[in-house]
Amino acid sequence: MSASSFNQADIISTVEFNYSGELLATGDKGGRVVIFQREQESKNRPHSRGEYNVYSTFQSHEPEFDYLKSLEIEEKINKIRWLPQQNAAHSLLSTNDKTIKLWKISQRDKRAEGYNLKDEDGRLRDPFRITSLRVPVLLPMDRMVEASPRRIFANAHTYHINSISVNSDHETYLSADDLRVNLWHLEITDRSFNIVDIKPANMEELTEVITAAECHPHQCNVFVYSSSKGTIRLCDMRAAALCDRQSKFFEEPEDPSSRSFFSEIISSISDVKFSHSGRYMMTRDYLSVKVWDLNMENRPVETYQVHEYLRSKLCSLYENDCIFDKFECCWNGADSAIMTGSYNNFFRMFDRNTRRDVTLEASRENSKPRAILKARKVSTGGKRKKDEISVDSLDFNKKILHTAWHPKENVIAVAATNNLYIFQDKIN
């Protein structure tokens, strides 16, 4: 499918499993959120377990216009983050460039019948005509799923929001834009605390921007943010109200022999994610994924090359703006494997224990139900083997920026432009 033959509003811009993995949410450029629910296994369809079907679709954000700055505010959903489930309903945060919304998703599949004080059509009955007492009963009805906006957190970001992250206390969350990180309480919409501000007094002295931020999975006072200079700062909110001085500063010294015009651009970090254990964090830059031990700041403990064969192509990737693409990365539930996207609808998986890696493709051709994905290989010149694809024939319009891994099982969600692919481990 060529980029021109589908609606731009359908391009998926974020993918996120909830805490149990039973629900999967996607956001798109048109401001919509689509939630998929995993089907329960039934006796007559034993293989149906694992299939995700549409559960709810709603318009989260609308396009707006900032009249003061004469700026259009896109409706595109930048990030979705689920909240831990407290009751029968589900809650999630979604954000565009400026406004964060808390949505409640609830379902009704039963209705009450047999009231004493009103008839079946809802009209009140005359109390003097009531001669017997009835016990109302719950009857099944077609499932209705409703999404309602519970809170709107607005007017706190001058620049575009790139991250939201729910804290482990489940009461607060942070949001980050290019120059600031704010801390919110989920119950309070009219104020937030600014915890990081890297805006210089003179904007001409601006040398770096914040690219991503995330709360620690277990310590509610710790968070990290990454920068366009390839550095990560870990901050402790107990140390000071304004975390301008980081507690830890992670940076890998650059190899002077490989320095080029593009070094600074490709070292910019597009995503940072804590491991579920909270001991490691992973960062994604343009060509690689790095795993850092939080106890060691001077270099990563693991580095994985995502598409090293593009190093010789940086010039043309700069000209077509692909060099500024922001790829995300994710951990599996056990922190033993990591996944991130590439071009040509390829995505990469790395096993941290065996150091084995694989390139897989998310495309219409190989996504027949229960078809097994074949590993793909890219040849970088010389003789090309039969099943290899040449680096010159990669399609840079087909990029996988957003992926998600089920928190407990080997089920992954991969967004390829306007298509969502869900793959799972082969079931014998």
Side-chain angles (χ1 to χ4, degrees), residues 1 6 10-28 30 32-58 60 77 80-85 88-92 94 103 105-110 140-147 328 330-334 337 339-341 345-347 349 358 360-376 398 400-428:
M1 190 181 267
F6 62 84
D10 295 336
I11 294 176
I12 297 170
S13 52
T14 183
V15 186
E16 189 79 4
F17 280 103
N18 74 339
Y19 283 75
S20 67
E22 293 301 298
L23 298 178
L24 171 68
T26 65
D28 66 23
R32 290 180 300 258
V33 171
V34 181
I35 299 174
F36 299 86
Q37 185 184 44
R38 195 174 196 184
E39 290 301 313
Q40 299 304 316
E41 194 165 350
S42 60
K43 284 195 174 71
N44 46 359
R45 290 179 64 219
H47 284 294
S48 65
R49 170 86 181 137
E51 284 181 18
Y52 283 81
N53 293 317
V54 174
Y55 176 66
S56 173
T57 303
F58 59 93
S60 170
I77 308 293
I80 290 173
R81 289 290 178 265
W82 290 91
L83 289 147
Q85 194 174 356
H90 297 274
S91 301
L92 61 80
S94 64
W103 290 89
I105 296 98
S106 51
Q107 72 171 41
R108 288 209 306 266
D109 55 5
K110 291 185 175 60
M141 64 174 220
D142 288 343
R143 184 173 74 183
M144 268 174 57
V145 181
E146 296 175 311
E328 294 169 10
C330 60
W331 300 85
N332 71 343
M339 170 170 61
T340 191
N345 279 354
F346 288 171
F347 59 99
M349 298 173 106
V358 65
L360 299 168
E361 182 183 6
S363 69
R364 290 261 170 119
E365 291 72 59
N366 64 10
S367 61
K368 311 236 175 345
R370 282 188 267 292
I372 291 177
L373 290 182
K374 290 202 296 281
R376 307 301 302 254
K398 294 179 174 171
I400 290 179
L401 304 175
H402 316 287
T403 60
W405 206 311
H406 189 292
K408 301 185 179 76
E409 297 175 32
N410 276 339
V411 174
I412 58 168
V414 174
T417 321
N418 61 330
N419 293 309
L420 179 71
Y421 295 93
I422 296 173
F423 302 111
Q424 63 179 9
D425 249 359
K426 184 168 177 283
I427 304 164
N428 297 329

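Values reported hereafter were calculated over all heavy atoms of this structure, with side chains retained and with hydrogens, waters and symmetry mates removed. All of these numbers come straight from a predicted model, not from anything done at the bench. Residue numbers count from 1 along this sequence.
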K.L.:
Given side chain to side chain contact (heavy atoms under 4.5 Å, CB included), test His406 with Arg38 step by step and report yes or no.
P.N.:
CA-CA 11 Å; His406 189 292; Arg38 195 174 196 184; 3.5 Å; yes
K.L.:
Between Asn53 and Glu39, does a side-chain hydrogen bond (donor to acceptor under 3.5 Å, both in side chains) hold up when you go through it step by step?
P.N.:
CA-CA 7 Å; Asn53 293 317; Glu39 290 301 313; 3.0 Å; yes
K.L.:
For Arg108 versus Met141, what's the shortest heavy-atom pair and its separation?
P.N.:
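For Arg108 and Met141, the tightest heavy-atom pair comes out as O-CE, 3.8 Å.
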K.L.:
A side-chain contact here means heavy atoms from C-beta on lying under 4.5 Å apart; do Val34 and Phe36 qualify?
P.N.:
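Yes - at least one pair of side-chain heavy atoms lies under 4.5 Å apart.
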K.L.:
Donor-acceptor pair, Thr340 side chain versus Glu328 backbone, under 3.5 Å?
P.N.:
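Yes, Thr340 side chain to Glu328 backbone: donor-acceptor pair under 3.5 Å.
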K.L.:
When rounded to the nearest 0.5 angstrom, what distance separates CE in Met144 from CD in Gln107?
P.N.:
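Atom-to-atom, Met144:CE and Gln107:CD are 11.0 Å apart.
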K.L.:
Name the residue from Ile35, Val15, Val411 that meets the side chain to side chain contact (heavy atoms under 4.5 Å, CB included) definition with Leu24.
P.N.:
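Passing option: Val15.
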K.L.:
Can you give me the closest heavy-atom contact between Ser94 and Ser60, atom names plus distance?
P.N.:
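Heavy-atom minimum between the residues: OG-OG, 2.7 Å.
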K.L.:
Using the test ring-ring contact (aromatic ring centres under 6.0 Å, His included), find all partners of Phe347 that sit at least two apart in sequence or belong to another chain.
P.N.:
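Phe347 satisfies ring-ring contact (aromatic ring centres under 6.0 Å, His included) with Phe423 only.
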K.L.:
Out of curiosity, Met349 CE to Cys330 SG, how far, rounded to the nearest 0.5 Å?
P.N.:
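Rounded to the nearest 0.5 Å, the CE-SG separation comes to 7.5 Å.
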K.L.:
Would you mind reporting whether Tyr52 and Phe17 have side-chain heavy atoms less than 4.5 Å apart?
P.N.:
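Yes, their side chains come closer than 4.5 Å.
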K.L.:
Stepwise, does the side chain to side chain contact (heavy atoms under 4.5 Å, CB included) test hold for Leu23 with His90?
P.N.:
CA-CA 9 Å; Leu23 298 178; His90 297 274; 3.5 Å; yes
K.L.:
Look at the side chain of Asn332 and the backbone N and O of Ala337, then say whether any donor-acceptor pair between them is shorter than 3.5 Å.
P.N.:
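It does hold such a pair.
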K.L.:
Kindly give the heavy-atom pair with the smallest separation between Tyr421 and Ala362, and that separation in Å.
P.N.:
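That closest heavy-atom pairing would be CD1-CB, 3.6 Å.
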K.L.:
Scan side-chain atoms only and decide if Asn418 and Asp10 contain a donor-acceptor pair under the 3.5 Å cut-off.
P.N.:
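Distance-only check fails for Asn418 and Asp10.
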K.L.:
Give the intermediate values and the outcome of side chain to side chain contact (heavy atoms under 4.5 Å, CB included) for residues Arg143 and Tyr55.
P.N.:
CA-CA 10 Å; Arg143 184 173 74 183; Tyr55 176 66; 3.6 Å; yes
K.L.:
Side chains of Ile105 and Val145, heavy atoms from C-beta outward: is any pair under 4.5 Å?
P.N.:
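Side-chain contact under 4.5 Å: yes.
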K.L.:
How far apart are the C-alpha atoms of Glu361 and Lys374, what are their side-chain angles, what is the distance that settles it, and do they pass the salt bridge (Lys or Arg N to Asp or Glu O under 4.0 Å) test?
P.N.:
CA-CA 8 Å; Glu361 182 183 6; Lys374 290 202 296 281; over 6 Å; no
K.L.:
Using the side chain to side chain contact (heavy atoms under 4.5 Å, CB included) rule, take Ile412 and Met339 through it: C-alpha gap first, then chi angles, then the decisive distance, then the call.
P.N.:
CA-CA 9 Å; Ile412 58 168; Met339 170 170 61; 3.6 Å; yes
K.L.:
Search all heavy atoms of Ser20 against all heavy atoms of Pro407 and return the closest pair with its distance.
P.N.:
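So the minimum-distance heavy-atom pair works out to C-CG, 3.9 Å.
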K.L.:
If we count only N and O atoms by modelled type, under 3.5 Å, do the side chains of Trp103 and Ser91 hold a donor and an acceptor together?
P.N.:
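Trp103 vs Ser91: no donor-acceptor pair found between side chains.
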K.L.:
With rounding to the nearest 0.5 angstrom, report the CG to CG distance, Leu83 to Leu92.
P.N.:
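One finds 7.5 Å between CG of Leu83 and CG of Leu92.
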K.L.:
Is it true that a side-chain atom of Trp82 and a backbone atom of Glu16 form a donor plus acceptor pair closer than 3.5 Å?
P.N.:
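At least one qualifying donor-acceptor pair exists.
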K.L.:
What verdict does the salt bridge (Lys or Arg N to Asp or Glu O under 4.0 Å) test give for Glu22 and Lys408, after you've listed the backbone C-alpha separation in whole Å, the side-chain angles of each residue and the deciding distance to 0.1 Å?
P.N.:
CA-CA 10 Å; Glu22 293 301 298; Lys408 301 185 179 76; over 6 Å; no
K.L.:
Scan Ile80, Val33, Thr26, Asp28 and name whichever one has a side chain to side chain contact (heavy atoms under 4.5 Å, CB included) with Thr14.
P.N.:
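That would be Ile80; it is the only one of Ile80, Val33, Thr26, Asp28 passing the side chain to side chain contact (heavy atoms under 4.5 Å, CB included) with Thr14.
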K.L.:
List the atom of Leu373, the atom of Leu360, and the distance in Å for their closest heavy-atom pair.
P.N.:
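Where Leu373 meets Leu360 most closely, the heavy atoms are CB-CD2, 4.0 Å.
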K.L.:
Kindly write out the residues that satisfy side-chain contact (heavy atoms from CB on, under 4.5 Å) with Ala375, not counting sequence neighbours, or none if the list is empty.
P.N.:
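Residues passing side-chain contact (heavy atoms from CB on, under 4.5 Å) with Ala375: Val358.
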